[in-house]
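The next block holds one structure in the form of structure tokens; read it before the comments.
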Protein chains: 2
Amino acid sequence: MEGSRSLRVVIVGGVALGAGAAAKVRRMDESANIVLIEKGPHVSFANCGLPYYLGGVIADRNDLLLHTPASLRARFNIDVRTRQEVIGIDRTRKVVQVRDLPTGNMYEEPYDKLVLALGAKPLLPPIPGLQLPGVFTVRNVPDVDAIKQWIDLYDAKRVAVIGAGFIGIEIVENLRDLGLSVTLIEKSTQILPPFDEEMTTRVYDELERMGVATILGDGVAAFHGEDRAQTVVLESGKEVAADLFILGLGVRPDVQIAKEAGLELGVAGAVKVNDYLQTSDPDIYSGGDMAEVKYLVDGKMRWIALAGSANKQARIIGMNVCGSRVKFRGSLGTSIVKFGSVTIGMTGMSEKATKATGIPYFVSYVTAGHHASYYPGAHNLTIKLVVEESTGRIIGGQVVGREGVDKRVDVIATAIFGRMTVEDLADLDLAYAPPFSAAKDPVIMAGMAAEHLYDGTVEALNELPKDLAKWQIVDVRRPDEVAAGMIAGAINIPLDELRQRLSELDSKKPILLYCQGGQRSYFAYQMLKGQGFSRVYNLSGGYIVQKLREQQNGNPSLVTAG
Amino acid sequence: MEGSRSLRVVIVGGVALGAGAAAKVRRMDESANIVLIEKGPHVSFANCGLPYYLGGVIADRNDLLLHTPASLRARFNIDVRTRQEVIGIDRTRKVVQVRDLPTGNMYEEPYDKLVLALGAKPLLPPIPGLQLPGVFTVRNVPDVDAIKQWIDLYDAKRVAVIGAGFIGIEIVENLRDLGLSVTLIEKSTQILPPFDEEMTTRVYDELERMGVATILGDGVAAFHGEDRAQTVVLESGKEVAADLFILGLGVRPDVQIAKEAGLELGVAGAVKVNDYLQTSDPDIYSGGDMAEVKYLVDGKMRWIALAGSANKQARIIGMNVCGSRVKFRGSLGTSIVKFGSVTIGMTGMSEKATKATGIPYFVSYVTAGHHASYYPGAHNLTIKLVVEESTGRIIGGQVVGREGVDKRVDVIATAIFGRMTVEDLADLDLAYAPPFSAAKDPVIMAGMAAEHLYDGTVEALNELPKDLAKWQIVDVRRPDEVAAGMIAGAINIPLDELRQRLSELDSKKPILLYCQGGQRSYFAYQMLKGQGFSRVYNLSGGYIVQKLREQQNGNPSLVTAG
């Protein structure tokens, strides 16, 4: 009898990982006994849609509920139990202890295979006043319902959003679209900390343009108020009054049950898993926001809480629970966020993350139109590549712009996944018609520019040298471009006049060339090298990137004329 | 003296390849003597923008002129000679014979390295009346100027466009936007012949929706008219009257000079080149529309006239002319076209092209929203993958939809370039936020669906079996979907009821399952297999693709109710 008994699979937690794994187990094994235990009221909802439900972009709350207990039961014959909490695992007896939240009754549920899909919890530092009414987090549908009610109840007009990460930025956009006056507070000195700072400047500018007050480099010290929070006091002593406070301080893996059960923890306190997504107990699987994940760039484990991996892991856990041996390849941490008319995305390592690993690298910038310049409505996007110096392999990409950012991020993500080099990127055959791209797509141009650095065709500086007086800085743009601002101390010789005006250059000084985005200065670089100048450098990314670099801290070296 | 003499480079033809190669030679060699000889008045113009200039989307003619002779001279010190025609090459003496078109004077120009960038010429079959005024081709700026003048002069209201390839479709869109009544005539039985027919149906429908009269499967026999063309007579005898006729019959490589000079020709009569883009004479280079190109899918030479390759080849020819040994990797024939609100793109091999090669393959379809379904404005796109059966390697992709088509084509193109398999595609880490994608991007879903076929998880039929009576066809969609049409003879059992209604199935017949796009029928497939049904098949791509397959030839098997 025992041998032919149905496989008993217990899944703790719903949403992407839990509900997805349950459905996959059913597809693999029609006879399995599948129990899905979820603490909250909703077994499967679109958590990435929460900011848009808050802002009313997603008008119908039901649109967020991807599956109900009834629909999962009907389609996949899954025993779904919401409002029940797993409070312990007895790995010896292979049972979980469950509390039925409405009644408080306890019971045990046996398993052959257990899947832990508990996700992450909001990071809540021990800040005085954090428990005051009016301070919210945004992790599930009831959270957003409560915020909406609060806004109505107190006729809230001013909101302070604490944390300028992905969710924070999306919440700011949505609350602003609701007509609220928004203050955004971030402890780090930049918004969107996973990105390199200069790449976030366009988003920062857009926040400013849309009237959001952004406070950087200042953490939260306390919330003050009588019966509800009315001001947030920052570490600097500054106070911000608001009717509503939303915390977007990030999340941490929800590992309490796993830890108590004696499962090993890995990176960043997340549950340790192997390639098959087994925890240290081979009958217990985990993934999603509560587990560590293999980082595809270097093969090391990291903690990256993103929906894309959870969805893929659900499928793999479902298969492996039923006896397959499928590996989860890993994550690149690919992510994207829209704010107003600006979109920013990244994949793989940022420059600062790369620097922290000690891997020798170089970076390369390209700014180009998102489609053919001669077709109306082309908007500039800037691509930054991080490249492994020894191999030319692309290890990171960041893209910011108005249109077409998602496409370039995805192409670079695919290239990194395929362990492609900058030369490969330059040789891609991408789709070109005037409404979509240029004959050389910005990604291809990014590959070419990086190739020039990799093979030594061009030597570049990423930042202005400190001893500016020892350099000759040459701006090769047109006078009309220079009129809108140039680097202090530079002389202007337009590229098309340079060959005739070589005598104006001081061959005793090293020459630093720049233009708007880096292409014309590259042409000038080649010309000067060909003319026998030996100490010539290109300013990486040109005036555009230099401006992005300095915008957030007061333009120390840029002169704005006109 | 001889040893230190400047390198003499003569480039015949401008535009992407010629002007690009000239500029690259200059960047490589400041002292080279570079002569660019162009028959026409414009040395560098955006030929892909011509349809949009015709339609007024690109309002300013100057926007098409990327470089003028003066700007190329100023920036790259190139001796540009427009309105001069190379009429012969003396390879022994290493000179080209040039005719100055305004004066008719002849002269010789010596070269060390010669670059042939003559591009392609419109295909002009020997059709009676082809030379009548009012019959135009669209290859350069003067062509479009002439059409615009003609429209004004004759107050043209009706146009017949002959040829429904990429350019033909773009011209139709632009002329229709100008308010002309358009008839589109195509000799093949489908529009956009490089695509598989079912993938073009949405474009065909859009043509119909926008009031374009499309005639398929009928070639041009003659143009009739007195002083100007007034009707086109088709091979069927049908006559179409119009005020203006535009030929988009495709192009052929312009190889006359090359052939007369004794250079070897390769595939499709294009100039034969090696990986370094040298012709059979190692001092003569060629590329672009006049030369064959390595096809990245199978490494064989093909003739593919697309701007993306020409732009990349220009750079490589420029380097190799100056002594480098850089290989041109090749082309995937990646291409895209927008018509009205529909965009269609492809990369690598179509199914029919694959079939012609004899490579064992299978295809897979996925239809999904271009971004998260719960975020407003999601539009369905359909992806078709062609997969090498023995390896799972992706060898082709076609995408049709309203938004986000270019992104998916480029991701698939990058995957094919990297020789990735369907498993790789399923494991990509692409950027997800609700406005841009779903947690499983359609490309990832396409990879998963194809993986199921590759590893045998699912068996699928691409088309309805001929002996329908021997099959049990089960439509697992909801009744509201079925009400809008279903396959004749199918029974409807919604997926969520199937497990309870197994007794309604006839286990003696093979079962063919379908739903809207293929996902629910895949769930049903797994369920029936798990329940012990052995002869079960999934209809590839579901009702959507079946409808696309049959729409252009009268819906023989689809019943439309309601």
Side-chain angles (χ1 to χ4, degrees), chain A residues 16 27 29-31 46 48-49 52 57-58 63-64 71 74-75 77 296 307-309 311-312 329 331-332 334-338 345 347 372 374-376 406-407 409-411 413-415 417-418 420 424 427-437 439-440 495-496 499 523 526-527 530-531, chain B residues 16 27 29-31 46 48-49 52 57-58 63-64 71 74-75 77 296 307-309 311-312 329 331-332 334-338 345 347 372 374-376 406-407 409-411 413-415 417-418 420 424 427-437 439-440 495-496 499 523 526-527 530-531:
Chain A
R27 293 200 291 277
D29 183 350
E30 182 65 15
S31 72
C48 298
Y52 300 95
V57 175
I58 299 170
D63 286 348
L64 290 179
S71 75
R75 180 159 298 180
N77 190 23
L296 277 171
S309 290
N311 274 274
K312 284 188 279 271
R329 307 269 283 273
S331 167
L332 285 171
T334 309
S335 44
I336 192 164
V337 63
K338 179 181 97 63
T347 180
Y374 59 81
Y375 188 85
D406 56 332
K407 174 163 78 171
V409 171
D410 280 359
V411 169
T414 306
F417 186 94
M420 293 186 192
D424 294 328
D427 289 342
L428 290 178
D429 187 6
L430 303 176
Y432 163 49
F436 303 105
S437 182
K440 281 179 191 150
L495 173 61
D496 291 350
R499 199 173 273 108
F523 293 168
Q526 297 285 79
M527 186 193 300
Q531 293 283 354
Chain B
R27 294 199 291 278
D29 183 352
E30 183 65 15
S31 72
C48 299
Y52 300 95
V57 175
I58 298 170
D63 287 349
L64 290 179
S71 74
R75 181 159 298 179
N77 190 22
L296 277 170
S309 289
N311 274 273
K312 284 188 278 271
R329 307 269 283 272
S331 168
L332 286 171
T334 309
S335 43
I336 192 163
V337 63
K338 177 181 100 63
T347 180
Y374 59 82
Y375 188 85
D406 55 334
K407 174 162 78 171
V409 171
D410 279 359
V411 169
T414 306
F417 185 94
M420 294 186 191
D424 294 327
D427 289 343
L428 289 179
D429 187 6
L430 303 177
Y432 164 47
F436 304 104
S437 182
K440 281 180 192 150
L495 172 61
D496 291 349
R499 198 174 273 109
F523 293 167
Q526 298 286 79
M527 186 193 299
Q531 293 283 354

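Since the model is a prediction, treat every value here as computed from it, not as a measurement. Heavy atoms only: backbone and side chains are in, while hydrogens, waters and symmetry mates are out. Proteins come first, then strands; the chains are lettered A, B, ... in the order of their sequence lines, and each starts at number 1.
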> So which part of A:Val409 gets closer than 4.5 Å to some heavy atom of chain B, the side chain, the backbone, both or neither?
Replying inline: side chain
>> Below 4.5 Å, heavy-atom pairs only: which of B:Cys48, B:Ala433, B:Ser437 has the largest tally toward chain A?
In response: B:Cys48
> Looking at A:Asn311, A:Asp63, A:Asp410, which one has more heavy-atom pairs under 4.5 Å with chain B than the rest?
Replying inline: A:Asp410
>> Counting heavy-atom pairs closer than 4.5 Å to chain A, which one of B:Ser309, B:Ala415, B:Pro435 comes out on top?
In response: B:Pro435
>> For the interface with chain A, which of B:Lys440, B:Arg499, B:Gln526 has the highest count of heavy-atom pairs at distances below 4.5 Å?
In response: B:Arg499
> At what distance, to the nearest 0.5 angstrom, does OG1 of B:Thr414 lie from CG of A:Leu430?
Replying inline: 5.0 Å
>> Contact between A:Tyr375 and B:Val57 at the side-chain level, heavy atoms closer than 4.5 Å - yes or no?
In response: yes
> Step by step, would you call B:Val411 with A:Lys407 a side-chain contact (heavy atoms from CB on, under 4.5 Å)?
Replying inline: CA-CA 8 Å; B:Val411 169; A:Lys407 174 163 78 171; over 6 Å; no
> Is any side-chain N of the basic residue among A:Lys312 and B:Asp427 closer than 4.0 Å to the acidic one's carboxylate O?
Replying inline: no
> Run the side-chain contact (heavy atoms from CB on, under 4.5 Å) check on B:Thr334 and A:Leu428 step by step: do they pass?
Replying inline: CA-CA 10 Å; B:Thr334 309; A:Leu428 290 178; over 6 Å; no
> Taking every heavy-atom pair that is under 4.5 Å apart, which of B:Val337, B:Leu64, B:Ile58, B:Thr347 has the most such pairs with chain A?
Replying inline: B:Ile58
> So which part of B:Asp29 gets closer than 4.5 Å to some heavy atom of chain A, the side chain, the backbone, both or neither?
Replying inline: neither
>> If you define the side chain from C-beta out and look only at heavy atoms, does anything of A:Ile336 sit under 4.5 Å from B:Tyr432?
In response: no
> When heavy-atom pairs shorter than 4.5 Å are enumerated against chain A, which of B:Ala16, B:Ser31, B:Ala372, B:Ala46 gives the highest number?
Replying inline: B:Ala46
>> Can you tell me which of A:Gly418, A:Ala413, A:Gly49 forms the most heavy-atom pairs within a distance under 4.5 Å of chain B?
In response: A:Gly49
> Measuring from A:Lys338:NZ to B:Phe436:CZ, what's the distance to the nearest 0.5 Å?
Replying inline: 7.0 Å
> Is chain B contacted by the side chain of A:Met527, its backbone, both, or neither, given a heavy-atom distance below 4.5 Å?
Replying inline: both
> Do NZ/NE/NH1/NH2 and the carboxylate oxygens of A:Asp429 and B:Arg329 come within less than 4.0 Å?
Replying inline: no
> Relative to chain A, which of B:Ala307, B:Gly308, B:Pro376 shows the most heavy atom pairs under 4.5 Å?
Replying inline: B:Pro376
>> Taking side chain as everything from C-beta outward and backbone as N, CA, C, O, which of these in A:Tyr52 sits under 4.5 Å from a heavy atom of chain B? Side chain, backbone, both or neither.
In response: side chain
> Side chain, backbone, both or neither: which part of B:Ala439 has a heavy atom under 4.5 Å from chain A?
Replying inline: both
